[in-house]
Amino acid sequence: MDSALGCGVIGLGVPAAVVAGLLTNSLWPGSTDVSAVPAPYDDLFRVLYFFECASFGLGVAWLLFGAGTTARMRRPPGLSFAAHLAVFWLLASWWPQDNLYRTTRPYDWHAQAWLVFVFNIALMVSAAILVRFLAWRPKPSEPPKQP
């Protein structure tokens with residue numbers, strides 16, 4: 001792992017995950033209430049909530065410290081930038097997405113449609129960008145032209 005990225009994960013990613021965990025119920029009251037969920041499923045949801053916060057923290061660290069890692073892959077700059085943002089979104093979006101889904105009324109179609117476009121479709125586009133990034137190859141050199 002890149003030392004800047006590793007330091008970023010420890011120095012910023014972990015604190016960002018902790019802050020996300022602490023802010024969750026302030027931003028989305030009741031979104032992590034599992035009092036009506038029977039055991040052992042309640043603990044499974046708590047594990048999910050932990051990983052949402054951890055993924056958010058890792059995404060923030062990646063956004064701020066992962067560009068060098070992406071650049072070393074020697075892809076075109078625009079594709080590298082898009083891939084860098086795609087990794088960020090794939091990691092960081094779960095925390096707000098799941099909490100927004102859990103606190104949005106099921107028949108609020110305007111909000112539900114907005115959530116689908118902002119999160120689900122963006123996640124699909126992010127994955128497609130990473131497929132292109134990983135599958136990219138430089139164009140073969142053209143053979144020398146004959147006089």
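Start at 1 with the first residue, then count along the sequence. The structure presented is a predicted model; accordingly, all values stated were derived computationally and were not measured.
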Member of L85, T69, L12 meeting the side-chain contact (heavy atoms from CB on, under 4.5 Å) criterion with W62 =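 When side-chain contact (heavy atoms from CB on, under 4.5 Å) is applied between W62 and each of L85, T69, L12, only T69 qualifies.
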Do [X] and [Y] belong to the same hydrophobic cluster, where Ile, Leu, Val, Met, Phe, Trp and Tyr are linked whenever their side-chain heavy atoms lie under 4.5 Å apart, directly or via other members?
X: V19; Y: L58; result: yes
X: V131; Y: V87; result: no
X: L23; Y: V14; result: no

Residues in salt bridge (Lys or Arg N to Asp or Glu O under 4.0 Å) contact with R137, at least two apart in sequence or another chain |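 Applying salt bridge (Lys or Arg N to Asp or Glu O under 4.0 Å) to R137 gives none.
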Side chain H84, main chain T70, donor-acceptor under 3.5 Å |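 No; judged by distance alone, with no hydrogens or angles, the pair does not exist.
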Residues two or more places apart in sequence or in another chain: which of them pass side chain to side chain donor-acceptor pair (under 3.5 Å) with [X]?
X: T104; result: none
X: R132; result: none
X: T32; result: N25

Let me have the donor-acceptor pairs involving side chains of residues 121-129, under 3.5 Å, with sequence neighbours excluded, atom names and distances please.
residue : atom : partner : partner atom : Å
S126    : OG   : A122    : O            : 2.8

Who else is in W136's hydrophobic cluster (ILVMFWY, side-chain heavy atoms under 4.5 Å, direct or via others)?
->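 Traced through the cluster, W136 reaches M73, L79, F133, L134.
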What pairs of residues pass the salt bridge (charged side-chain N to carboxylate O under 4.0 Å, His left out) test when at least one of them lies in [range], not counting sequence neighbours?
range: residues 77-90; answer: none
range: residues 32-42; answer: D42-R46
range: residues 52-70; answer: E52-R102

Counting only heavy atoms not in Y101, do more than 12 fall under 6.0 Å of its OH?
->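 Yes, OH of Y101 has more than 12 neighbouring heavy atoms, counting only those of other groups under 6.0 Å.
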Counterpart residues, side chain to side chain contact (heavy atoms under 4.5 Å, CB included), relative to P15 (two or more places apart) =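 Per chain and number, P15 pairs via side chain to side chain contact (heavy atoms under 4.5 Å, CB included) with no residue.
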4.5 Å side-chain heavy-atom contact, C53 and T24 =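 In short, these two side chains touch, coming nearer than 4.5 Å.
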Kindly indicate whether the side chain of Q112, heavy atoms from C-beta on, has any atom under 4.5 Å from the side chain of Y107.
->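 Counting from C-beta outward, Q112 and Y107 never come under 4.5 Å.
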If I take atom [atom1] from residue [X] and atom [atom2] from residue [Y], how far apart are they, to the nearest 0.5 angstrom?
X: L100; Y: L115; atom1: CG; atom2: CG; answer: 5.5 Å
X: D108; Y: T103; atom1: CG; atom2: OG1; answer: 10.5 Å
X: D98; Y: L48; atom1: CG; atom2: CG; answer: 5.5 Å

Write down the atom of G59, the atom of F88, and the distance for their closest heavy-atom approach.
->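 In terms of heavy atoms, the two residues are closest at O-CD1, 3.1 Å.
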Kindly give the heavy-atom pair with the smallest separation between S26 and P29, and that separation in Å.
->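 Distance-wise, the nearest heavy atoms are O-CD, 4.0 Å.
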Would you please name every residue forming a ring-ring contact (aromatic ring centres under 6.0 Å, His included) with F119, sequence neighbours left out?
->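 Testing F119 for ring-ring contact (aromatic ring centres under 6.0 Å, His included), a comparison that skips the adjacent residues, returns W89.
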Pairwise ring pair (Phe, Tyr, Trp, His ring centres under 6.0 Å) hits with a residue in residues 18-55, at least two apart =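 Residue pairs passing ring pair (Phe, Tyr, Trp, His ring centres under 6.0 Å), neighbours aside: W28-W95.
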